[in-house]
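Inspection log for the structure reproduced underneath, given as structure tokens.
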Amino acid sequence: NREETTGKTTVQTTEETTGKTTAQTAEETAGKTTEKVIERPVARLWEIYEEMREIVFVLDMDTHEIVYMNRCARELYGFSSIKEAEGKKCYMALRGNSMPCAVCEDKRLRPGHFLEEVRYNPFIGKKLAVKDTIIEDNGRRYRFELAVDLSAWEQQNRGYEDNEAMVNEGLRVSLAAPTPEASLTALLEYLGHALKSHRVYIFEETEQGGFDNTYEWCADGVEPQKGNLQGVSYEVVSLWYRKFSKGENVLIKNIESIRREDPAVYACLQPQHIESLVAAPLVGDKKIIGFFGVDNPPERYLEHITTLLQILGHFIVALLHRRNHVRRLEELCFQDQLTGLGNRHAMNDYITGMIPEQSVGVLYCDVMGLKRTNDEKGHLEGDNLLIRASECLRKTFGDQALFRVGGDEFLALCAGISREQLQERVEKLRQEMKRGNALMALGAVWRSDGNEDMDRLMREADGLMYEDKRAWYAGQPEK
């Protein structure tokens with residue numbers, strides 16, 4: 001059923017998307033107390049479940065203490081806040097027992113798999129359909145449980161088997177993809193085929209307050225719209241957001257019905273040959289971060305698609321968070337944090353992908369006077385000098401691959417450049433350094449193709465750079 005699938009969705013995503021970053025955090029915060037290690041999952045990993053209508057809680061399997069309960073669970077078990085529930089013994093607070101129950105010791109319970117059962121809890125007098133799994137994080141074992149009140153579910157959601165099967169298969173296909181980007185693409189493709197729709201898409205809010213169509217899938221013969229839907233104004237979807245803010249989806253059975261009441265949306269949709277659609281909000285960190293939708297599904301699917309999208313919205317948000325984490329890690333791994341240029345890892349990655357048949361220019365730069373600036377004016381001024389030097393390099397070689405390869409050394413790799421163009425740019429860089437008050441010694445080499453060993457070319461450019469540095473110092477008056 002819907003609740004069980006939602007649990008499977010996000011728990012697997014939590015395991016896959018947050019394990020690395022949490023582990024890194026644990027290494028960086030070695031020496032902090034165990035309680036603080038647990039606080040990260042509470043504050044970050046589980047919060048996406050907070051507003052779900054299903055019962056969700058997380059327990060420490062070794063201490064039998066409650067780590068997290070979402071709002072629905074807290075209301076059911078009589079807790080007014082997460083803080084009030086944290087640290088309580090689960091067997092006492094959730095079952096009214098004086099000894100641990102057998103669930104945590106069940107041999108069938110293991111990471112990556114759900115144990116599905118129907119249980120009657122006499123403590124609350126309810127029959128629940130539950131899914132349990134284990135999440136291992138920072139050397140600790142957490143039991144994640146998602147539960148559904150069967151009586152309430154049967155009354156509100158009859159005939160939901162198709163949605164359950166569709167969600168399960170969509171998650172399977174998506175989670176099999178190697179990256180968050182690929183997972184999002186695979187999920188949209190699966191939904192498009194499963195719902196026999198023309199187009200499935202995701203829009204994300206931009207820093208400017210508009211929306212970008214960041215992902216889309218189109219059926220054969222349907223013209224892609226992603227390129228035309230960048231920087232969409234908030235005013236276009238303002239009426240949609242009123243519904244989203246109330247927790248409602250947008251359902252348009254016939255586009256002609258909105259021609260008068262919502263002309264802005266009509267003017268946007270009609271040229272795309274959209275006749276009907278369903279759109280749902282994407283909610284992260286308790287605020288709407290975008291929306292996703294399905295265009296022109298068969299009429300018989302329109303009603304149940306709204307519920308399907310509500311379930312999948314949690315999963316898509318988790319994938320987007322995971323994507324952002326991966327991007328941030330890539331920045332940390334491949335970007336110099338002071339200047340924003342690539343680092344040595346990025347340089348090696350770039351060299352691996354270079355086309356041997358292309359001409360190549362190599363420019364080696366050394367910032368003059370960095371040590372003296374650090375010693376006499378402090379490291380903050382030294383950092384400012386490095387930033388000024390990198391900006392000079394950007395202004396003249398900004399369309400090429402730029403890297404900071406040492407404390408005071410920069411490198412430009414110029415693929416497809418001519419000898420004359422390289423020489424012209426080096427001269428422009430010398431002029432820019434004067435304006436930017438950032439002197440660098442320069443050494444440049446050029447080859448008609450990139451078949452030569454790049455390490456040898458960089459050593460040659462490095463040697464020319466040292467000749468330029470010696471010449472500069474030789475021309476300075478003696479003190």
Looking at E117 and R119, is there a salt bridge between them, counting it only when a charged N and a carboxylate O are closer than 4.0 Å?
yes
Kindly compute the distance separating CD (Q337) from CG (N343), expressed to the nearest 0.5 Å.
8.5 Å
Look at R425 together with D399 and state whether they make a salt bridge at an N to O cut-off of under 4.0 Å.
yes
Is it the case that over 12 heavy atoms from other parts of the model lie below 6.0 angstrom from the NE2 atom of H193?
yes
I'd like to know whether the aromatic ring centres of F144 and Y49 sit less than 6.0 Å apart in this structure.
yes
Quick one: do L363 and L393 satisfy side chain to side chain contact (heavy atoms under 4.5 Å, CB included)? Show the steps, please.
CA-CA 10 Å; L363 174 67; L393 197 56; 4.1 Å; yes
Check the orientation of F291 and F203. Use parallel for under 30°, tilted for 30 to 60°, and perpendicular for over 60°.
parallel
Option passing side-chain contact (heavy atoms from CB on, under 4.5 Å) with S390 (candidates D336, T339, L338)
T339
Closest heavy-atom pair, D449 versus E357, reported as atoms and distance to 0.1 Å, is CB-O, 4.0 Å
If we ignore hydrogens and angles and just use 3.5 Å, is the side chain of S183 paired with the main-chain N or O of L175 as donor and acceptor?
no
Please report the shortest heavy-atom distance between L309 and G293, naming the atom on each side.
CD1-CA, 4.5 Å
Quick one, V362 and M454 - any side-chain contact, counting heavy atoms below 4.5 Å?
yes
Can you tell if the side chain of E216 reaches within under 4.5 Å of the side chain of L229, non-hydrogen atoms only?
no
Going by an N to O cut-off under 4.0 Å, is there a salt bridge joining R323 and E204?
yes
Take atom NZ of K243 as the centre, draw a 6.0 Å sphere, and report whether it contains more than 12 heavy atoms from other residues, nucleotides or ligands.
no
Start with the C-alpha distance between I252 and S276, add both sets of side-chain angles, then the distance that settles side chain to side chain contact (heavy atoms under 4.5 Å, CB included), and finish with yes or no.
CA-CA 5 Å; I252 301 176; S276 62; 5.7 Å; no
Quick one: does V250's side chain get under 4.5 Å of F244's, heavy atoms only?
yes
Which distance, rounded to the nearest 0.5 Å, do you find between the CD of Q358 and the CD1 of I417?
11.5 Å
Under the 3.5 angstrom rule, does the side chain of N138 hit a backbone N or O of R140 as a donor-acceptor pair?
no
How many angstroms lie between CG in L115 and CG in D132, if you round to the nearest 0.5 Å?
6.0 Å
To check you understand the geometry: which heavy-atom pair defines the closest contact between A85 and M69, and what is its length?
CB-SD, 3.6 Å
Only distances under 3.5 Å count here; give the side-chain donor-acceptor pairs of residues 257-264 to other protein atoms, sequence neighbours excluded, each with its distance to 0.1 Å.
| from | atom 1 | to | atom 2 | distance (Å) |
| --- | --- | --- | --- | --- |
| S257 | OG | N254 | O | 2.6 |
| R259 | NE | E256 | OE1 | 3.2 |
| R259 | NH2 | E256 | OE1 | 2.8 |
| R259 | NH2 | Y266 | OH | 2.9 |

Distance, nearest 0.5 Å, that separates CZ of F315 from CG of L187:
6.0 Å
Backbone of D62 reached by a side-chain donor or acceptor of D60 within 3.5 Å:
yes
Do T179 and E181 have side-chain atoms, one donor and one acceptor, less than 3.5 Å apart?
no
F397 ring center near F410 ring center (under 6.0 Å):
no
For Y215 and F292, run ring pair (Phe, Tyr, Trp, His ring centres under 6.0 Å): C-alpha distance rounded to whole Å, both residues' side-chain angles, the deciding distance at 0.1 Å, then the answer.
CA-CA 9 Å; Y215 300 90; F292 70 116; over 10 Å; no
Atom pair CE (M61) and CD1 (I134), whose distance is rounded to the nearest 0.5 Å
4.0 Å
Separation of L277 CG from I255 CD1 (nearest 0.5 Å)
7.5 Å
Quick one, V405 with M458, criterion side chain to side chain contact (heavy atoms under 4.5 Å, CB included). Give me CA distance, side-chain angles, the key distance, then yes/no.
CA-CA 11 Å; V405 293; M458 287 190 288; over 6 Å; no
Does a side chain donor of either Y68 or E50 reach within less than 3.5 Å of an acceptor in the other side chain?
yes
Under 4.0 Å between a Lys/Arg side-chain N and an Asp/Glu carboxylate O for R394 and E391?
yes
More than 12 heavy atoms from other groups under 6.0 Å of CD on E299
no
How close do V236 and C268 get, heavy atom to heavy atom, and via which atoms?
CG1-CB, 4.1 Å
Return the minimal non-hydrogen interatomic distance between W217 and S197, and the atom names on each side.
CZ3-O, 3.5 Å
Would you find a donor on one side and an acceptor on the other, under 3.5 Å apart, between the side chain of N213 and the backbone of G227?
no
Would you name the heavy atoms of A346 and G342 that are closest together and state the gap between them?
CB-CA, 3.9 Å
